[in-house]
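What follows is a set of notes on a single structure, which appears directly below.
Sequential numbering from 1 along the given sequence is applied to the chain's residues. Small disclaimer: the values here were computed from a predicted structure and weren't measured.
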Amino acid sequence: MKGRREKGQYGYRDFHKKMQTAKVIFGGAMILIQLLARNFTDNDAAKNILTVMAVLTVLPTANVAAPLLASWRYQTPDESFYERAAGLESRGRILYDLIITSREQLMPMDAVMVHPAGVFAYCSGAKVDGTKAEEFLNGMFKSHKLDGNVKVLKDEKAFFKRAGSLKPACEFEDDGSVEYGIRVLKGLSM
């Protein structure tokens with residue numbers, strides 16, 4: 001799990017969390033440095049500039065910290081989950097570690113099978129309302145001119161059973177909807 005991770009790759013949540021934490025620490029350090037630098041000058045104009053710089057540094061730091069705090073509790077699933085899901089990659093494209101956000105809820109999708117027959121997502125969040133999640137995702141897919149055939153499964157066994165029952169994606173005609181669906185899901189994820 002070393003190296004850079006992109007959205008949809010296994011290990012992305014933990015990698016993203018580390019990167020965002022580093023950005024928040026850097027932003028916090030810059031704010032403190034700017035405020036401390038005020039004490040080393042007698043020039044009132046310089047003090048005012050340093051204060052304004054510190055205040056302006058708070059905004060981007062807060063923009064990084066807010067989603068980080070909201071998603072802090074969601075971890076990358078264990079290696080055995082990944083190995084089990086990776087065995088299904090011949091059936092369709094699988095995205096890992098997505099956290100999809102709507103106005104009402106955060107939806108930690110541990111694995112999402114994007115297949116010509118539909119999208120099947122395993123959501124491990126205990127507080128996530130599966131019906132509302134499906135409505136949101138189907139609405140987003142329809143607004144992007146895709147078939148609204150998204151199923152959110154809260155049970156890991158049900159997800160693996162459903163994904164395992166799919167015919168390989170290579171048996172279907174490629175109309176580009178799978179790749180477009182992947183782009184939409186990645187765009188919805190933090």
**Message:** Assess, by modelled atom type and distance only, whether the side chains of T51 and R38 contain a donor and an acceptor separated by less than 3.5 Å.
**Reply:** yes
**Item:** Crowding at CG, N63 (>12 non-hydrogen neighbours, <6.0 Å)
**Value:** yes
**Message:** If I take atom CZ from residue F120 and atom CE from residue M113, how far apart are they, to the nearest 0.5 angstrom?
**Reply:** 9.0 Å
**Prompt:** Is any side-chain heavy atom of K132 less than 4.5 Å from a side-chain heavy atom of S102?
**Reply:** no
**Asked** For the ring pair (Phe, Tyr, Trp, His ring centres under 6.0 Å) test, which of F159, Y96, F160 pairs with F81?
**Response** F160
**Message:** I want to check something: taking the side chain as every heavy atom from C-beta on, are N39 and L36 in contact at a cut-off of under 4.5 Å?
**Reply:** yes
**Request:** Return the set of residues passing salt bridge (charged side-chain N to carboxylate O under 4.0 Å, His left out) with R91 (not counting sequence neighbours), or none when no residue passes.
**Result:** none
**Prompt:** Is the ring centre of F141 less than 6.0 Å from the ring centre of Y180?
**Reply:** no
**Message:** A side-chain contact here means heavy atoms from C-beta on lying under 4.5 Å apart; do M30 and M53 qualify?
**Reply:** no
**Asked** Just how far is it from atom CD of E6 to atom CZ of F15, taken to the nearest 0.5 Å?
**Response** 7.5 Å
**Prompt:** Quick one: do R84 and D78 make a salt bridge, cutoff under 4.0 Å?
**Reply:** no
**Asked** Do the side chains of P67 and Q20 get nearer than 4.5 Å, heavy atoms only?
**Response** no
**Request:** Output the distance between atom CG (L95) and atom NZ (K7), rounded to the nearest 0.5 Å.
**Result:** 11.0 Å
**Asked** Do M109 and L137 have side chains that get closer than 4.5 Å, going by heavy atoms?
**Response** yes
**Message:** Can you see whether N43 engages T41 through a side-chain donor-acceptor pair at a distance of less than 3.5 angstrom?
**Reply:** no
**Complete:** Minimal heavy-atom distance between A54 and L35, with the atoms involved, is CB-CD2, 3.7 Å
**Prompt:** Once you round to the nearest 0.5 Å, how far does CZ of F136 lie from CE of M107?
**Reply:** 5.0 Å
**Complete:** Sorted by chain and number, sequence neighbours left out, side-chain hydrogen bond (donor to acceptor under 3.5 Å, both in side chains) with Q34 holds for T57
**Message:** So K151 and E134, do their side chains get closer than 4.5 Å, heavy atoms only?
**Reply:** yes
**Item:** Polar side-chain atom of D110 near backbone of Y122 as donor-acceptor pair, under 3.5 Å
**Value:** no
**Exercise: identify the closest heavy-atom pair between V152 and G130** = CB-O, 4.2 Å
**Heavy-atom side-chain contact between P108 and S124 under 4.5 Å** = yes
**Message:** Using only atom types and a distance under 3.5 Å, with no angle test, would you say the side chain of N149 pairs donor to acceptor with the backbone of A117?
**Reply:** yes
**Request:** First locate atom CD1 of I99, then atom CG of L106, and finally report the distance between them rounded to the nearest 0.5 Å.
**Result:** 7.0 Å
**Item:** Euclidean distance, L69 CG relative to T21 OG1, rounded to 0.5 Å
**Value:** 9.0 Å
**Asked** Can you name the nearest heavy-atom pair linking V178 to H115, along with the distance?
**Response** CG2-C, 4.0 Å
